[in-house]
Amino acid sequence: MNPVTELLAERLDEITAEIVGEIAGRVPAYTGLSAAMILTLVRDALTVYTGAQDRGAALDHFRRLGAHEARAGQDVRHLESALRSGARVLIRRTANAAARVHPPNTEFIAVMESAFSAEDQIIEAAVDGHHRAARPRNRSRLYPLVASPHRYSAN
């Protein structure tokens with residue numbers, strides 16, 4: 001675990017509470033969020049932010065989140081706004097942790113570039129999952145014919 005991640009991990013509960021408050025204040029559709037659910041998302045987001053090897057699994061979690069929200073009828077704009085609100089907190093916290101570990105230099109800049117890139121990847125994954133789940137299922141009109149071919153036979 002890198003030093004920035006360690007500093008953030010030490011304050012996960014505090015960061016999670018701040019994110020829940022930020023989202024509730026900005027996105028009324030998400031006022032009933034559970035801190036436990038957000039904690040899981042914060043951990044996944046940190047995996048993406050820090051470029052950990054299992055970032056693909058974390059992004060898949062955000063795709064599933066987007067799909068779940070679509071199936072629940074949640075507007076994609078609300079989802080994106082909630083994710084961006086949480087990301088703002090996490091980026092601010094990442095910047096503070098990075099500034100403590102790395103004086104503003106190339107390492108600090110690399111950490112922050114990674115954080116901003118991660119925000120885009122997380123939003124993209126969640127919105128992609130939402131859009132995929134919200135698409136109407138394409139059903140062929142011929143399906144009943146294929147499903148019961150004997151129904152229309154000459155017998």
Side-chain angles (χ1 to χ4, degrees), residues 1-140:
M1 191 179 296
N2 73 42
V4 172
T5 305
E6 287 176 15
L7 285 173
L8 293 169
E10 291 171 3
R11 294 192 158 68
L12 275 180
D13 290 336
E14 179 185 313
I15 293 168
T16 299
E18 186 177 347
I19 288 172
V20 169
E22 185 76 14
I23 292 171
R26 292 184 180 268
V27 189
Y30 284 100
T31 56
L33 292 175
S34 104
M37 184 191 98
I38 297 300
L39 179 60
T40 300
L41 294 174
V42 169
R43 285 186 182 130
D44 283 341
L46 283 175
T47 298
V48 180
Y49 275 50
T50 60
Q53 286 186 336
D54 55 347
R55 73 186 297 144
L59 288 171
D60 283 342
H61 188 189
F62 282 99
R63 280 187 196 87
R64 288 191 306 274
L65 170 70
H68 171 76
E69 293 300 290
R71 287 189 294 274
Q74 189 62 264
D75 188 305
V76 70
R77 293 170 297 184
H78 294 158
L79 172 63
E80 184 175 354
S81 182
L83 289 169
R84 288 196 187 281
S85 295
R88 272 195 287 285
V89 172
L90 201 50
I91 286 173
R92 184 173 54 247
R93 292 299 192 112
T94 301
N96 290 337
R100 288 179 59 195
V101 173
H102 309 290
N105 58 19
T106 55
E107 289 87 9
F108 175 84
I109 292 168
V111 167
M112 294 316 303
E113 286 176 345
S114 178
F116 285 114
S117 175
E119 177 187 4
D120 288 341
Q121 291 171 354
I122 287 167
I123 302 296
E124 182 180 315
V127 169
D128 178 58
H130 189 284
H131 286 313
R132 288 175 188 247
R135 277 190 209 130
R137 304 280 192 262
N138 292 328
R139 294 190 174 113
S140 170

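One-based numbering along the sequence shown. Remember, it's a predicted structure, so these values are computed and weren't measured experimentally.
Taken from CG in D44 to CD1 in I122, the straight-line distance is 8.5 Å, to the nearest 0.5 Å. Distance CD1/I38 to CG/D13: 13.0 Å, rounded to 0.5 Å. Residue L46 holds its CG atom at 12.0 Å from CZ of R55, rounded to the nearest 0.5 Å. Remark: H61 NE2 to R63 CZ distance equals 12.5 Å, nearest 0.5 Å. Taking CG of L41 as the start and CG of L33 as the end, the distance is 9.0 Å to the nearest 0.5 Å.
At a threshold of 4.5 Å between non-hydrogen side-chain atoms, the residues L83 and L65 count as touching. Counting heavy atoms from C-beta on, the side chains of L39 and R43 come closer than 4.5 Å. Inter-residue side-chain proximity for E69 and V76 is flagged as unmet; no heavy-atom pair is nearer than 4.5 Å. F62 is not listed as a side-chain neighbour of D128, based on a closest heavy-atom distance of 4.5 Å or more. Inter-residue side-chain proximity for Y49 and R93 is flagged as unmet; no heavy-atom pair is nearer than 4.5 Å.
Smallest separation of non-hydrogen atoms from A70 and A133: CB-CB, 3.8 Å. A pairwise comparison of heavy atoms in V111 and T94 identifies CG1-CG2, 3.8 Å as the closest pair. Residues V48 and A58 share a closest heavy-atom pair of CG2-CB, 3.7 Å. When all heavy atoms of T31 and A24 are compared, the pair lying nearest together is CG2-O, 3.7 Å. Taking all atoms of both residues into account, the shortest heavy-atom contact from S85 to I23 is CB-CG1, 4.0 Å. Contact detail for A126 and L79: the closest heavy-atom pair is O-CD2, 4.0 Å.
When each of E119, E22, E124 is tested with R84 by the rule salt bridge (charged side-chain N to carboxylate O under 4.0 Å, His left out), just one qualifies, namely E119.
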Exercise. Report the C-alpha distance between M112 and I91 in whole Å, list the side-chain angles of each, state the deciding distance to 0.1 Å, and finish with yes or no for side chain to side chain contact (heavy atoms under 4.5 Å, CB included).
Key: CA-CA 8 Å; M112 294 316 303; I91 286 173; 3.8 Å; yes
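Taking D120 as the reference, nothing meets the side-chain hydrogen bond (donor to acceptor under 3.5 Å, both in side chains) condition, with sequence neighbours excluded. For R11, the side-chain hydrogen bond (donor to acceptor under 3.5 Å, both in side chains) test picks out no residue, with sequence neighbours left out.
Put simply, the side chain of H130 never gets that close to the backbone of E80: no donor and acceptor are under 3.5 Å apart. Side chain of S81 to main chain of R77: no donor-acceptor pair is present (N/O by atom type, distance under 3.5 Å, no hydrogens or angles). Side-chain atoms of T16 come within 3.5 Å of backbone N or O of L12 as a donor-acceptor pair.
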